[in-house]
Amino acid sequence: MRRAAAIFLGAAMAWVALECTDLTSGAQSVQPKPPGHWAIVIHGGAGDIERAKLGPEGDKAYRAALTKAVEAGAAVLDRGGSSLDAVEAAVRVLEDDPLFNAVRGAVFTAEGKTELDAAIMDGATMHAGAVADVSHTRYPITLARAVMEKTPYVLLVGPGADAYSKQTGMEQVEPSYFFTETRWQSLVKQLEKEGRPIPQRPEGAPPQGTATPITQWQEVAGTRRYGTVGVVAVDREGNVAAGTSTGGLQGKMPGRVGDSPLIGAGTYASNQSCAVSGTGVGEYFIRYTVARDVCVLVQYKGYTLQQAADEVIQKKLAPIHGDGGVIAVSPDGQMAWSFNTPGMFRARLAEGGKTEVHIYNDEP
C-alpha cells in the first residue's frame, strides 16, 4: 500500500514538473502571479506652502489641478494600462498646468530663460531615460521616455536633446510658450532683492503691463523658488514606474541641473523594492541619492514603504536642512509620502478607493 502511494505521488510530481517545463527549450517557465490592484501617487512640489498664504482660492485651484492629474493616471491603470503609461499620462497633465514648476509654469534662470528637466524609469526592466536643459520640447517626460525606449542612452541634455525631440516628431514650441507672468515677476523680485541684474523680458512674451493682473495667492505661489512634479504608480501586474519633471531652481546659474533627471537621486523605480519621485533642494537629493536610498531600505533592510520614506526625509535630510519630500509606491500596492516642509502638493488613489488630495503638513 505504501509502495503504491509512493508511486502515485512520484507520478503526480513528475506531471507537475512536466507542466511547468518549456518542452522546446527545457527551461522552467515562470508562472504568472494573480493580478493585483493598481495604485498611483503624485506630487506637485514641496516648499513654503501654508494655508494662510495660499488662501481659499489658491487652495481650491491646486486641489482641482492635482485631482485632474491623479485621475488621468488612474484612468490608464483602470483600463489595464501599464504603470509606465499611467506615469507619463499624469505627468503630462501636470506639465500642461501653469500652477506647477514644470513646463508651462517653469521658473526662469538668472538669464531669464527656461531650462526643463525630466526623467522616467520602468521598475520591471530597470530601464530609464532622462533629459536636461531642454527648451523647445512641449512634453519633456515624453522625450525622456523616448530616450529610454529608442536610444541606448539614459540621459540627453541641451540642444542635443531638443534636436532628438524634433527628429522623432515630438511637438516643438517657442520658449515664450513657457512664459507666465507669475514666474517672471517672482524672478524680478528675487534678483532685485539680491542686487543682481534683471534680464530682458523674453522674446514673444506679452508686453509688460498687458498681462492679466496677478492675484495675491498667485504671487505667493510664485515665490516658491523650487518645485517639481512627479508621479509613481503600480499596475495590476505589480510593475512599478516613476516619472519626474521640473523647471528647476528659480534664478539659478544657467546650465545647473538638479536631482529630477538623475536616476537614483530624484527618480528611481525597481520591482524589487519601490518607485520614488522626489521634490526639493536638488543638491541634497543628489548627494544623498534620496530616491535610491528609500528603495534600498525597503529591499535590504525590510522597512515598510512609509518607514523608509520617513527615515530618509525626516531623519537624514531634515537635520541638515535638506528641504523637500518624496512620494513612493511598492509592487504590493503600499503608498507613501513624506516631506519636511510646511507643505507638499500631493494626491493618491488606489483601485477601489477614493481620491485623496492634500497640501499642508497638518493633513494626513
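Reckoned from all heavy atoms, side chains included, excluding hydrogens, waters and symmetry mates. Just so it is clear, the structure is predicted and the values come from calculations on it, not from any experiment.
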> Linking I/L/V/M/F/W/Y whenever their side-chain heavy atoms sit closer than 4.5 Å, directly or via other members, would Leu66 and Val70 fall into one cluster?
Replying inline: yes
> Can you tell me if Glu50 uses its side chain to pair, donor with acceptor, with the backbone of Asp48 under 3.5 Å?
Replying inline: no
> Is Leu116 reachable from Val173 through a run of hydrophobic residues whose side-chain heavy atoms are each under 4.5 Å from the next?
Replying inline: yes
>> Contact between Val298 and Leu305 at the side-chain level, heavy atoms closer than 4.5 Å - yes or no?
In response: yes
> Under the criterion salt bridge (Lys or Arg N to Asp or Glu O under 4.0 Å), which of Lys68, Arg104, Arg138 is the partner of Asp96?
Replying inline: Arg138
>> Which heavy atom of Gly258 sits nearest to which heavy atom of Pro261, and what is that distance?
In response: O-CD, 3.5 Å
>> With a 4.5 Å cut-off on side-chain heavy atoms, are Tyr139 and Val103 touching?
In response: no
> Between Arg196 (side chain) and Gly251 (backbone), is there a donor-acceptor pair under 3.5 Å?
Replying inline: yes
> When rounded to the nearest 0.5 angstrom, what distance separates OH in Tyr303 from OG in Ser273?
Replying inline: 14.5 Å
> For the atom pair CE (Met344) and OG1 (Thr341), what is the distance rounded to the nearest 0.5 Å?
Replying inline: 7.5 Å
> When you measure from the side chain of Thr304 to the backbone N and O of Gln307, does any donor-acceptor pair fall under 3.5 Å?
Replying inline: yes
> Does any N or O in the side chain of Glu95 come within less than 3.5 Å of the main-chain N or O of Ile141, such that one atom is a donor and the other an acceptor?
Replying inline: yes
> Can Ile49 and Tyr62 be said to form a side chain to side chain contact (heavy atoms under 4.5 Å, CB included), step by step?
Replying inline: CA-CA 11 Å; Ile49 308 166; Tyr62 274 102; over 6 Å; no
> Under 4.5 Å between side-chain heavy atoms, hopping through other hydrophobics if needed: is there a path connecting Ile42 to Val232?
Replying inline: no
>> Please determine whether the number of non-hydrogen atoms from other residues, nucleotides or ligands lying under 6.0 Å from atom CD of Glu149 exceeds 12.
In response: yes
>> What's the separation between atom CE in Met148 and atom OG1 in Thr125, rounded to the nearest 0.5 Å?
In response: 6.5 Å
> Run the salt bridge (charged side-chain N to carboxylate O under 4.0 Å, His left out) check on Glu111 and Lys252 step by step: do they pass?
Replying inline: CA-CA 9 Å; Glu111 291 185 348; Lys252 70 175 186 175; over 6 Å; no
>> Just by distance, no angles: are the side chains of Glu115 and Thr109 close enough, under 3.5 Å, to form a donor-acceptor pair?
In response: no
>> Between Arg145 and Met121, is there a side-chain heavy-atom distance shorter than 4.5 Å?
In response: no
> Closest approach of Thr228 and Ser260, non-hydrogen atoms and distance?
Replying inline: CG2-OG, 3.4 Å
> Passes side chain to side chain contact (heavy atoms under 4.5 Å, CB included), Val188 versus Glu192? Steps please.
Replying inline: CA-CA 6 Å; Val188 170; Glu192 288 177 340; 3.6 Å; yes
> Any sub-3.5 Å donor-acceptor pair from Asp235's side-chain atoms to Ser82's backbone N or O?
Replying inline: no
> When you check the side-chain N and O atoms of Ser186 and Gln250, is any donor under 3.5 Å from an acceptor?
Replying inline: yes
> Do any N or O atoms from the side chain of Arg346 and from the backbone of Val41 form a donor-acceptor pair under 3.5 angstrom?
Replying inline: no
>> Let me confirm one number: the CG-CZ distance from Asp85 to Arg79, rounded to the nearest 0.5 Å.
In response: 8.5 Å
> Where do Val326 and Phe285 land on the side chain to side chain contact (heavy atoms under 4.5 Å, CB included) test, with the steps shown first?
Replying inline: CA-CA 10 Å; Val326 295; Phe285 280 61; 4.2 Å; yes
>> Quick check against the 3.5 Å criterion: does Asn101 have a side-chain atom that pairs as donor or acceptor with the backbone of Val107?
In response: yes
> Backbone N or O of Phe339 within a donor-acceptor pair of the Gln314 side chain at under 3.5 Å?
Replying inline: yes
> Can you check whether Pro140's main-chain N or O pairs, donor with acceptor, with Thr137's side chain at less than 3.5 Å?
Replying inline: no
> Once you round to the nearest 0.5 Å, how far does CG of Asp59 lie from OH of Tyr360?
Replying inline: 3.5 Å
> Are Lys301 and Glu311 close enough for a salt bridge, meaning some N to O gap below 4.0 Å?
Replying inline: no
>> Determine whether Glu363 and Arg63 satisfy the following criterion, salt bridge (charged side-chain N to carboxylate O under 4.0 Å, His left out), listing intermediate values before the conclusion.
In response: CA-CA 13 Å; Glu363 295 180 283; Arg63 290 183 191 274; 3.0 Å; yes
> Taking atom types as modelled and ignoring hydrogens, do the side chains of Gln299 and Ser270 form a donor-acceptor contact shorter than 3.5 angstrom?
Replying inline: no
> Which pair of heavy atoms, one from Val290 and one from Tyr284, lies closest together, and at what distance?
Replying inline: CG2-O, 4.4 Å
>> Quick check: do Glu71 and Thr355 have side-chain heavy atoms less than 4.5 Å from each other?
In response: yes
> Val229 and Thr246: side chain to side chain contact (heavy atoms under 4.5 Å, CB included), yes or no, with the steps?
Replying inline: CA-CA 6 Å; Val229 303; Thr246 186; over 6 Å; no
>> I need the single residue from Asn340, Asp293, Asp310 that forms a side chain to side chain donor-acceptor pair (under 3.5 Å) with Lys316. Which is it?
In response: Asp293
> About how many Å separate OG1 of Thr267 and CG of Asp117, when rounded to the nearest 0.5 Å?
Replying inline: 10.0 Å
> Any side-chain heavy-atom pair from His358 and Trp337 closer than 4.5 angstrom?
Replying inline: yes
>> Please say yes or no: joined through hydrophobic side-chain contacts below 4.5 Å, possibly via intermediate residues, are Val257 and Ile263 part of one cluster?
In response: no
> Is it true that Leu54 and Phe100 fall in one hydrophobic cluster, defined by side-chain heavy atoms closer than 4.5 Å?
Replying inline: yes
> Is any side-chain heavy atom of Asn271 less than 4.5 Å from a side-chain heavy atom of Asn239?
Replying inline: yes
>> If I compare all heavy atoms of Thr180 with all of Pro98, which pair ends up nearest, and what's the gap?
In response: CG2-CB, 3.9 Å
> How about Ile40 and Val231: do any of their side-chain heavy atoms sit closer than 4.5 Å?
Replying inline: yes
>> Do Arg236 and Asp78 have side chains that approach each other closer than 4.5 Å (heavy atoms only, starting at C-beta)?
In response: yes
> Short question: side chain of Tyr268, backbone of Ala275 - any donor-acceptor pair under 3.5 Å?
Replying inline: no
>> Ignoring hydrogens, what is the shortest heavy-atom contact between Gly333 and Val234? Give both atom names and the distance.
In response: CA-CG1, 4.2 Å
> Are side-chain N/O atoms of His43 and Ser277 paired as donor and acceptor at under 3.5 Å?
Replying inline: yes
>> Looking at every non-hydrogen atom in both residues, tell me the closest pair between Gly266 and Ala291 and how far apart they are.
In response: C-CB, 4.0 Å
> Would Asp162 and Ser165 count as having a side-chain donor-acceptor pair, cut-off 3.5 Å?
Replying inline: no
> Would you call Glu283-Arg256 a salt bridge at under 4.0 Å N-O?
Replying inline: yes
>> Tell me whether the rings of Phe108 and Phe179 are parallel (<30°), tilted (30 to 60°) or perpendicular (>60°).
In response: tilted
